[in-house]
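What follows is a set of notes on a single structure, which appears directly below.
Since this is a predicted model, take the numbers as computed values, not measurements. Each chain gets a letter, A, B and so on, in the order its sequence line appears, and its residues count up from 1.
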Amino acid sequence: MLKRTHRLHELNESLIDKTVVINGWVDRIRNLGGIIFVWIRDRYGVVQVLFQPDTPAYEIAKNLSGEYVIGVEGIVRERPKDAKNVDLASGNIELLAQKVEILAESKTPPVYTNRDEGSEDVRLKYRYLDLRRRSIQYNLIFRHKLIQKTREYLNSNDFLEIETPYLMKSTPEGARNFIVPSRIKQGTFYALPQSPQIFKQLLMIAGFDRYYQVARCFRDEDLRADRQPEFTQIDLEMSFVDQEDVQEMVGNLVKYLFKAVRGIDIGDVPSMQYQTAMELYGSDKPDLRFEMKMENLTSKSFSSKLDFLSPRVEEEVKMIVIPKNDVLSRKALDTYSESAKSSNLRLGWAKFNGENFVGSIGKVLSTVHDLNVKTGETVIICTGKKNDVNTFLGRTRVEIANKIGIIENTFKVLWINDFPMFEWNEEDKRFQAQHHPFTMPYLEDLENHSDDLSKIRAHSYDLVINGWEMGSGSVRIHTRALQERVFKLIGITEEEAKKRFGFFLEAFEYGAPPHAGFAIGVDRLVSVMLGVTSLRDVIAFPKTTSGSDLMMDTPSEVSEDQLKELGIKLEEHR
RNA sequence: GGGGACGUGGUGCAGCCUGGUUAGCAUGCCGGUCUGUCACACCGGUGGUCGCGAGUUCGAGCCUCGUCGUCCCCGCCA
């Protein structure tokens with residue numbers, strides 16, 4: 001076998017006249033009749049090989065085709081002056097082939113390995129070919145660097161990397177678990193972790209003080225472009241710290257990563273209250289790359305005269321001002337009115353032409369003079385239940401910003417603090433923990449609002465970048481009494497708590513240090529740093545939106561014998 | 001669980017609204033010409049159960065219903 005002496009990025013002018021051997025895939029062939037040019041590709045780069053007629057190598061080269069794996073021995077030489085390629089890193093040189101060996105042939109590939117096009121199902125089925133594409137290799141190399149830099153940073157801050165089990169106990173609250181049947185104890189099941197939450201808290205109780213892990217997490221819920229059933233977190237936990245300490249550590253880590261892998265200084269990470277974020281941006285993950293904040297008009301005297309928009313009792317009136325643009329037509333604006341209606345909201349809009357407002361609520365607004373709107377701007381005013389208005393306008397804000405193209409190409413990183421501890425679950429008719437039930441509530445809220453759990457704040461915090469939730473964390477409860485109290489508030493009875501978390505509650509009785517932690521979604525962080533919208537572009541072997549792997553064809557049936565061993569009988573389905 | 005878009009040679013797309021003779025384009029692949037190309041160019045050719053099933057019709061890639069798959073969104077995701 002012709003074994004390489006150099007990898008492709010290593011070929012440059014310094015090797016001119018030297019004999020080298022390279023290995024790689026045939027990327028492209030240009031057969032000019034007399035001579036043949038072949039681009040060879042490996043992980044590191046692309047180099048042009050020249051085959052000249054009347055040589056043994058030339059005769060073999062005539063039979064080459066795309067994606068063949070070959071070895072070439074040849075002499076590195078400078079390209080003729082007018083034949084250099086400035087677009088190619090190795091464009092000043094080429095390899096004059098003397099020997100060539102075909103190491104593996106290839107059928108015509110069903111995906112383009114040298115172009116970013118093709119339907120995703122075919123690409124996922126032949127993922128190993130899709131992964132040959134330059135852009136996805138770049139993404140995975142970027143991801144590698146980011147994880148290495150993370151380890152470097154956390155190690156230098158005395159964090160210990162400790163692994164925790166993937167086969168664990170099913171936990172009730174939160175996302176649905178993937179479950180794994182036990183063969184040895186038939187009829188019982190493991191669950192795959194939604195996160196290493198309990199383990200990392202136990203590590204704190206054990207005294208490890210600063211822990212981290214690049215952990216895989218599993219959640220059996222419906223998928224989205226930004227959600228995979230298994231995903232990776234940089235999971236960390238610290239003892240004898242408060243919220244500020246964790247945020248400083250994580251904020252500096254993120255800052256370090258942006259600098260180290262993207263060369264960008266994001267500055268210090270500012271904080272915003274959850275309530276503020278909802279009030280101004282209608283979202284707990286506001287995108288701060290553009291303005292268009294919501295303005296609350298409820299108390300303005302003209303609000304009650306807003307015709308069909310005027311608020312009823314307990315309703316709010318809110319406005320966003322859209323910058324001057326030629327993109328939003330009357331028809332486009334009317335669709336927002338329509339979709340507001342389906343959310344039980346009322347929405348009107350009007351464009352300010354310098355003197356008057358023109359639009360569905362133009363007449364009323366033309367009598368108002370303190371709206372602070374500039375010529376050419378459009379206002380959207382929405383009325384309805386507070387939460388609905390916030391959510392709807394928040395979503396509309398982002399949609400419009402995308403449409404009219406006002407989103408700056410930058411990174412806006414921030415903390416969202418003081419999330420509500422509990423949220424009402426309409427389906428189960430009970431309150432549940434919004435973050436998770438191990439989160440430390442504000443103790444004064446707990447005393448003052450025992451009648452209304454929705455008013456209790458938690459020491460929990462999210463990291464948000466460009467409108468994406470990058471991770472979340474909290475100060476944890478570290479006493480048995482408080483943990484039991486929180487369980488009780490979310491309707492977990494004493495016996496239930498004992499059965500599910502007894503070992504954990506017991507651990508609190510043997511000296512549990514105050515602790516807090518965080519987890520960063522690696523897939524999302526890499527995506528946002530690279531500016532790609534789908535997690536699939538930063539994961540080597542991702543799943544589809546229905547949770548299957550098109551290459552392996554999973555999930556799939558297992559044999560009768562396997563089921564029998566597990567003591568499992570399938571019901572007839574479909 | 002709900003809504004939307006898509007499914008046509010190996011691959012990417014057009015054709016469907018308004019049903020009708022041979023399903024079009026690009027690329028790939030095969031053959032030919034070509035000694036400085038770089039998405040080489042030019043000439044010729046090969047390649048399609050129009051996802052699957054049913055229905056309407058004299059006739060379905062096109063219309064209807066169902067089904068499977070992919071993508072996007074809502075619910076869901078502590």
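Minimum atom distance to the side chain of A:Leu550 is reached by B:G69, of the listed B:U37, B:G69, B:C71. Distance from the side chain of A:Arg395 is smallest for B:G75 among the nucleotides B:C71, B:G75, B:A39. In this structure, the nucleotide among B:C71, B:U27, B:G75 sitting nearest to the side chain of A:Arg115 is B:U27.
If you take atom P in B:G66 and the same atom in B:U21, they sit 29 Å apart, rounded to whole Å. For the P atoms, the distance linking B:C42 with B:C6 amounts to 34 Å, nearest Å. To the nearest whole angstrom, the two C1' atoms, one in B:U33 and one in B:G51, are 41 Å apart. With both ends at atom C1', the span from B:G31 to B:G4 equals 47 Å, rounded to whole Å. On the P atoms, B:G19 is 15 Å away from B:C58, given to the nearest whole Å. Going from the P atom of B:U27 to that of B:U18 covers 34 Å, rounded to whole Å. Comparing the P positions of B:G20 and B:G15 gives a spacing of 14 Å, expressed to the nearest Å. Annotation: B:G9 and B:C72 have their C1' atoms spaced 28 Å apart (nearest Å).
In this structure, the CG atom of A:Asn63 is 9 Å from the P atom of B:G31, given to the nearest Å. The interatomic distance linking A:Leu88 (CG) with B:U37 (P) rounds to 15 Å, in whole Å. Distance, A:Lys125 NZ to B:G69 C1': 12 Å, rounded to whole Å. Note: CG (A:Leu32) to P (B:G36) measures 7 Å, nearest angstrom. Atom P of nucleotide B:G36 and atom CZ of A:Phe51 are separated by 18 Å, given to the nearest angstrom. Atom-to-atom, CD of A:Gln48 to C1' of B:G36 comes out at 8 Å; the value is rounded to the nearest Å. Note: NZ (A:Lys62) to P (B:C30) measures 14 Å, nearest angstrom. Counting to the nearest Å, the P atom of B:G75 and the CG atom of A:Asn387 are 13 Å from each other.
Within the structure, every side-chain polar atom (N or O) of A:Arg227 is placed at least 4.0 Å from both OP1 and OP2 of B:C72. Contact check, A:Arg30 against B:U37: no side-chain N or O comes under 4.0 Å of OP1 or OP2. For B:C74, one of the phosphate oxygens OP1 or OP2 lies less than 4.0 angstrom from a side-chain nitrogen or oxygen of A:Arg224.
Listed by chain and residue number, A:Phe504 satisfy the ring pair (Phe, Tyr, Trp, His ring centres under 6.0 Å) test with A:Phe508 (two or more places apart in sequence, or in another chain). For A:Arg115, there are no side-chain hydrogen bond (donor to acceptor under 3.5 Å, both in side chains) partners at least two apart in sequence or on another chain.
With RNA chain B read from its 5' end, the first of the two nearest nucleotides for A:Asp82 and A:Glu427 is the one closest to A:Asp82. Comparing A:His436 and A:Pro80, the nucleotide of RNA chain B nearest to each residue sits closer to the 5' end for A:Pro80.
Within the 4.0 angstrom heavy-atom criterion, only backbone atoms of the sugar-phosphate kind lie near A:Ser548; the bases stay farther away. Across all strands, A:Lys84 comes closer than 4.0 Å to base atoms (heavy-atom distances). Among the atoms of the strands shown, none is found under 4.0 Å from any heavy atom of A:Arg176. The residue A:Leu223 sits apart from the nucleic acid: no heavy atom pair falls under 4.0 Å. Nucleic acid contact class of A:Asn31 (heavy atoms, under 4.0 Å, all strands): base. Contact annotation for A:Ala225: backbone-only contact, meaning every heavy-atom pair under 4.0 Å involves sugar-phosphate atoms and none involves a base. Base contact: A:Glu94 has a heavy atom under 4.0 Å from a base atom. When heavy atoms are screened at a 4.0 angstrom cut-off, A:Arg476 is found touching no nucleic acid atom at all.
B:G48: no Watson-Crick or G-U partner with both key distances under 3.5 Å is found in any strand. Pairing for B:C38 is absent, judged as Watson-Crick or G-U wobble with the two contacts each under 3.5 Å. Searching all strands for a Watson-Crick or G-U wobble partner of B:G31 with both distances below 3.5 Å returns B:C43. Using N1 to N3 plus N6-O4 or O6-N4 for Watson-Crick, or N1-O2 and O6-N3 for G-U wobble, each under 3.5 Å, B:G59 pairs with nothing. With both pairing distances under 3.5 Å, B:A26 is matched to B:U11 as a Watson-Crick or G-U wobble pair. Nucleotide B:A54: paired with B:U64 (Watson-Crick or G-U wobble, both distances less than 3.5 Å). Searching all strands for a Watson-Crick or G-U wobble partner of B:A5 with both distances below 3.5 Å returns B:U70. The partner of B:U21 cannot be assigned: no Watson-Crick or G-U wobble pair with both contacts below 3.5 Å exists in any strand.
Side-chain rings of A:Tyr274 and A:Phe419 approach one another, their centers coming within less than 6.0 Å.
Aromatic ring pairs are classed by plane angle as parallel below 30°, tilted from 30° to 60° and perpendicular above 60°; the pair A:His9 and A:Tyr44 is parallel.
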Can you give one letter per nucleotide of nucleotides 4-14 of chain B, going 5' to 3': B for a protein heavy atom under 4.0 Å from the base, S for sugar-phosphate only, - for none? ------BBS--
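Although no hydrogens or angles enter the test, the distance criterion places a donor-acceptor pair under 3.5 Å between the side chain of A:Arg524 and the main chain of A:Asp226. Listed for the A:Asn139 side chain is a donor-acceptor partner under 3.5 Å among the backbone atoms of A:Asp537. Not a single donor-acceptor pair under 3.5 Å links the side chain of A:Gln233 to the backbone N or O of A:Arg216.
Tested against A:Arg123, the residues A:Leu129, A:Leu550, A:Ile136, A:Val111 include a single side-chain contact (heavy atoms from CB on, under 4.5 Å) partner, A:Val111.
Salt-bridge formation is detected for the pair A:Arg41/A:Glu67: a Lys NZ or Arg NE/NH1/NH2 atom is positioned less than 4.0 Å from an Asp or Glu carboxylate oxygen. A:Glu221 has no carboxylate O lying under 4.0 Å from a charged side-chain N of A:Arg227, or vice versa, which leaves the two without a salt bridge. Under 4.0 Å is where a charged nitrogen must lie from a carboxylate oxygen, and between A:Lys499 and A:Glu495 no such pair does.
By the 6.0 Å and 45° rule, A:Arg457 stacks over the aromatic ring of A:Tyr442.
Below the 3.5 angstrom threshold, one finds a donor paired with an acceptor across the side chain of A:Arg79 and the base of B:C38. A donor and an acceptor atom never sit less than 3.5 Å apart when one is taken from the side chain of A:Arg123 and the other from the base of B:U70. Between the side chain of A:Gln52 and the base of B:U35, no donor-acceptor pair of N or O atoms lies under 3.5 Å. The base of B:C38 is paired with the side chain of A:Asn85 by a donor and an acceptor separated by under 3.5 Å.
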